[in-house]
Visitor: 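My questions will all concern the structure given below.
Keep in mind that this is a model prediction, so the values were computed, not measured. Quick note on labels: first sequence line is chain A, next is B, and so on, each numbered from 1.
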Amino acid sequence: MDKQKVAAILDEIGTLLELQGESSFRCNAYHNGAQAIEQLEEDLATVVREGRLADVPRIGDTLREKITVLVTTGHLPYYEELRKKTPPGLLDMLRIQGMGPKRVKLLHDKLGIDSLDKLERACLDGEVAKIKGLGEKTQQKIVEGIHFLRQMGSRVRVDLALALADRLREGLAQAPGIHRMELCGSLRRRRETIKDIDILIASDDPAPIMDRFVALPGVVQVIGHGDTKSSIVVEGEGRTLMNADLRIVNDAQFPFALNYFTGSKEHNIAMRVRAQEYGLKLNEYELSGPHRHIAARDEADIYKALDLAYIPPELREDTGEMEAAASGRLPHLLEIGDIKGVFHCHTTYSDGANSAEEMALAAKALGLKYLGLADHSQSLTVANGLSPQRVRQQQAEIDRVNATLKGFTIFKGIECDILPDGQLDYPDDVLATFDYLVASVHSHFNQSREEMTARIVRAIRNPHVTMLGHATGRLLLKRDAYPVDLEAVLQAAAETGTMVEINAHPARLDLDWVHCKRAKALGVKLVVNPDAHAADDIALYRYGVDVARRGWLERGDVFNTKTLAETTQALAARRSASRS
DNA sequence: GCCGTTTTCGGCCCGACTGTTTTCAGTCG
């Protein structure tokens, strides 16, 4: 059982215990444990086998035992018992805005409600309002919450959320009296999917800004409207519905509020614990002690007051950044301007929308110095994969375009299918004509974990392969990763010097940030690629830079930060090595 | 259930908002 699954089960146990009315601390221990497992960089089965679970923070004796049973046997009787005791509909009810474990339990105990449908019916019949502690308004909010839940998927891709957030910010920017405005929350930390949009404003006159916020175009519901905090549901591109919160503080409070609302929750707790060690109290308004009050112009001042280097938002997950910041070992993170070119782009030769020349000009306009074209290989007929003859045609075309470009080069690549047995999709003489190869899995997703791992490792060991494309094949919020032992894949890449792509397309973000950290630890070189299928898509590599930053990567960890001359030389060296 | 340079027991982040309340519980982030 993989760690995502184990983490999901631990998390669900925490929730089920909440519904039983268990102590919140005990419940949180399961939620915390789930997070610890999810963010584990290593292979969970290995850690369990080598008896190193006890070294993982937030995993104690009880959780260690349960995780071990789960990993070794594939199931956990304790969890199954708990599930049997709890109707599945209660978990759905928990997802309603304003419904927590106490109210779900109350409604279940008093009215026997165990599903969204029954809850909606009870609200419409006025039964819910009759319960002591609830009332007409709560009943109405529950109906609205159910309606919202049915329309909205729970999380939204980071690019869609960012576009919606930008629209809100533009709308707000016209309000009077705004000193500063920033995005916070998971959007500022650049998580791959986003639950809601958090905006923070510094102002001395919040009321008109709040009034403007709840009346912005696209607002479909006002959940709360207070002096310092308001909450709305807003509609974005493709009828995406999202929650958005606005907080307003004064300018002196702004850095503390920005830090607090950026999170993560775990990072905040670590920060407060550190403040306590300094005899100080940290909250969203101030950092202060009994005899002093620490002023801050920006977030860096807060970190400085606690003897920490400034921690970029992407690292704030309580996965070692506090220790690194305290000892001056924070990485100097990759920046968007470090990227000099990208390697995984498609043209009209396969399933892209633009020609080689159009793609090159678009890349050049973005300030890039080179572009790798990697259309699909012949087996992928649905994507118009290239026969050896069409490979030759495309390469001739690239030569013609290259002759017209100054200070810019198109590299001849291919996104070569990894066939079910791990072989590549062309004979060696064709493979030898490319400047580089991206090897990817596009078929037979239902192979066993062992088969899939062996298949990918075999491709990695093939000297023609320059880099592995989208390592797990996941499509965020749509399709799970195929089963694969990433640890084995990364180790093979480390041994052979094969690079691993960070597929930056916001639908993929694959390799993910957790495994970027692992790849770096193993010495694997990463490549940020947009997987562009149109000229406009090339700029998507920015989302891969976000992943790299969350994965603690520095410029030297990423191949496509090299200059054109260095890249040309490095690719040529690899090619001559693979031919010999 | 986890954790420990004040603790192996007794803590565990905390403030805003809402609704249903006459002083607070529940939810959220």
Visitor: Looking at A:Val71, A:Leu70, A:Val56, which one forms a side chain to side chain contact (heavy atoms under 4.5 Å, CB included) with A:Leu44?
Guide: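 Exactly one candidate clears the test, A:Val71.
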
Visitor: Is there a side-chain contact between A:Thr62 and the phosphate of B:dC2, meaning an N or O under 4.0 Å from OP1 or OP2?
Guide: yes

Visitor: Measure NZ/A:Lys229 against P/B:dT27 and give the value in whole Å, please.
Guide: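 Interatomic distance, NZ of A:Lys229 to P of B:dT27: 14 Å.
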
Visitor: Quick check: any donor-acceptor pair below 3.5 Å linking the side-chain of A:Tyr285 to the base of B:dG15?
Guide: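 In this structure, the two groups form no donor-acceptor pair.
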
Visitor: Considering heavy-atom distances to DNA chain B, does A:Arg64 or A:Thr138 have its closest nucleotide positioned more toward the 5' end?
Guide: A:Arg64

Visitor: Hey, which of these two, A:Arg247 or A:Lys102, hits DNA chain B nearer its 5' end, going by closest nucleotide?
Guide: A:Arg247

Visitor: Return the value, rounded to whole Å, for the distance between atom CG of A:Leu106 and atom C1' of B:dG19.
Guide: 14 Å

Visitor: Distance alone, cut at 3.5 Å: any donor-acceptor contact between the side chains of A:Glu487 and A:Gln491?
Guide: yes

Visitor: Whole angstrom is fine here: how far is it from CD in A:Gln97 over to P in B:dT27?
Guide: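 Atom-to-atom, A:Gln97 to B:dT27, this comes out as 12 Å.
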
Visitor: By the 4.0 Å heavy-atom rule, please label A:Asn32 as base, sugar-phosphate, or nothing.
Guide: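 The answer is nothing, as A:Asn32 stays clear of every strand by at least 4.0 Å.
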
Visitor: In the strands shown, is B:dG29 matched to any nucleotide by a Watson-Crick or G-U wobble pair with both distances under 3.5 Å, and which?
Guide: B:dC14

Visitor: Between B:dG29 and B:dT20, how far is it from one C1' atom to the other, in whole Å?
Guide: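 Per the computed distance, 23 Å lies between those C1' atoms.
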
Visitor: Mind running side chain to side chain contact (heavy atoms under 4.5 Å, CB included) on A:Asp55 and A:Val47 for me, showing each step along the way?
Guide: CA-CA 9 Å; A:Asp55 302 337; A:Val47 173; over 6 Å; no

Visitor: Is there a residue in residues 128-137 of chain A whose heavy atoms reach under 4.0 Å of DNA chain B, and which residues are they?
Guide: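 The answer is A:Gly133, A:Leu134, A:Gly135, A:Glu136, A:Lys137.
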
Visitor: May I ask you to evaluate whether A:Thr228 reaches the phosphate of B:dC17, defined as a side-chain N or O under 4.0 Å from OP1 or OP2?
Guide: yes

Visitor: What distance, rounded to whole Å, do you find between the two C1' atoms, one in B:dT6 and one in B:dG11?
Guide: 13 Å

Visitor: Measure from CG on A:Asp196 to C1' on B:dG29 and round the result to the nearest Å.
Guide: 8 Å

Visitor: Do A:Asp512 and A:His515 have side-chain atoms, one donor and one acceptor, less than 3.5 Å apart?
Guide: yes

Visitor: When the P atoms of B:dC13 and B:dC2 are considered, how many whole Å apart are they?
Guide: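 Approximately 16 Å lies between the P atom of B:dC13 and that of B:dC2.
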
Visitor: What's A:Asn28 touching, base or sugar-phosphate or nothing? Going by heavy atoms closer than 4.0 Å.
Guide: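 The residue A:Asn28 makes no contact with any strand.
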
Visitor: What contact category does A:Arg103 fall into here, base, sugar-phosphate, or nothing, at under 4.0 angstrom with non-hydrogen atoms?
Guide: sugar-phosphate

Visitor: Rounded off to whole Å, could you give me the CG-to-P distance for the A:Asp198 and B:dC17 pair?
Guide: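 Rounding to the nearest Å, CG of A:Asp198 and P of B:dC17 are 15 Å apart.
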
Visitor: With no hydrogens and no angle check, just 3.5 Å: does a side-chain donor-acceptor pair link A:Asp510 and A:His505?
Guide: no

Visitor: Taking the six-membered ring of A:Tyr78, is NZ or CZ of A:Lys66 closer than 6.0 Å to its centre and within 45° of its axis?
Guide: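 Here A:Lys66 passes the 6.0 Å and 45° test against A:Tyr78.
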
Visitor: Mind checking if A:Ile96 touches a base, just sugar-phosphate, or nothing, with heavy atoms under 4.0 Å?
Guide: sugar-phosphate

Visitor: Quantified in whole Å, what is the C1' atom distance between nucleotide B:dG15 and nucleotide B:dG10?
Guide: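 To the nearest whole Å, 24 Å.
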
Visitor: Considering every strand and a 4.0 Å limit on heavy-atom distances, what is the contact class for A:Asp61: base, sugar-phosphate, or nothing?
Guide: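 Since only primed, P, OP1 and OP2 atoms lie under 4.0 Å of A:Asp61, the category is sugar-phosphate.
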
Visitor: Considering only side-chain heavy atoms of A:Phe25, which listed nucleotide, B:dC12, B:dC2, B:dC13, is closest?
Guide: B:dC12

Visitor: For A:Glu192, run the salt bridge (charged side-chain N to carboxylate O under 4.0 Å, His left out) check against A:Arg157, A:Arg155, A:Arg474 and tell me which one passes.
Guide: A:Arg474

Visitor: Mind calculating the distance between CZ (A:Phe256) and C1' (B:dG29) to the nearest angstrom?
Guide: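 From A:Phe256 CZ to B:dG29 C1': 20 Å.
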
Visitor: Taking side chain to side chain contact (heavy atoms under 4.5 Å, CB included) as the criterion, tell me which of A:Val222, A:Val220, A:Asp196 meets it with A:Val233.
Guide: A:Val220

Visitor: Considering only the C1' atoms, how many Å lie between B:dC17 and B:dC12, rounded to the nearest integer?
Guide: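 Result for the C1' pair: 24 Å, nearest Å.
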
Visitor: Quote, to the nearest angstrom, the C1' distance that separates B:dG26 from B:dT21.
Guide: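 Approximately 12 Å lies between the C1' atom of B:dG26 and that of B:dT21.
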
Visitor: Quick one: A:Lys141 NZ to B:dG26 P, roughly how many Å, whole number?
Guide: 18 Å

Visitor: Look at the side chain of A:Arg58 against the base of B:dC2 and say whether a donor-acceptor pair falls under 3.5 Å; ignore hydrogens and angles.
Guide: no

Visitor: Rounded to whole Å, please give me the gap between CD in A:Gln276 and C1' in B:dT7.
Guide: 14 Å

Visitor: Could you tell me whether the side chains of A:Tyr303 and A:Asn259 share a donor-acceptor contact shorter than 3.5 Å?
Guide: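 Yes, side-chain donor-acceptor contact under 3.5 Å.
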
Visitor: Please state whether the phosphate of B:dC14, meaning OP1 or OP2, lies under 4.0 angstrom from any side-chain nitrogen or oxygen of A:Lys281.
Guide: no

Visitor: Have a look at A:Phe261 and say if it touches a base, only the backbone sugar-phosphate, or nothing, with a 4.0 Å heavy-atom cut-off.
Guide: nothing

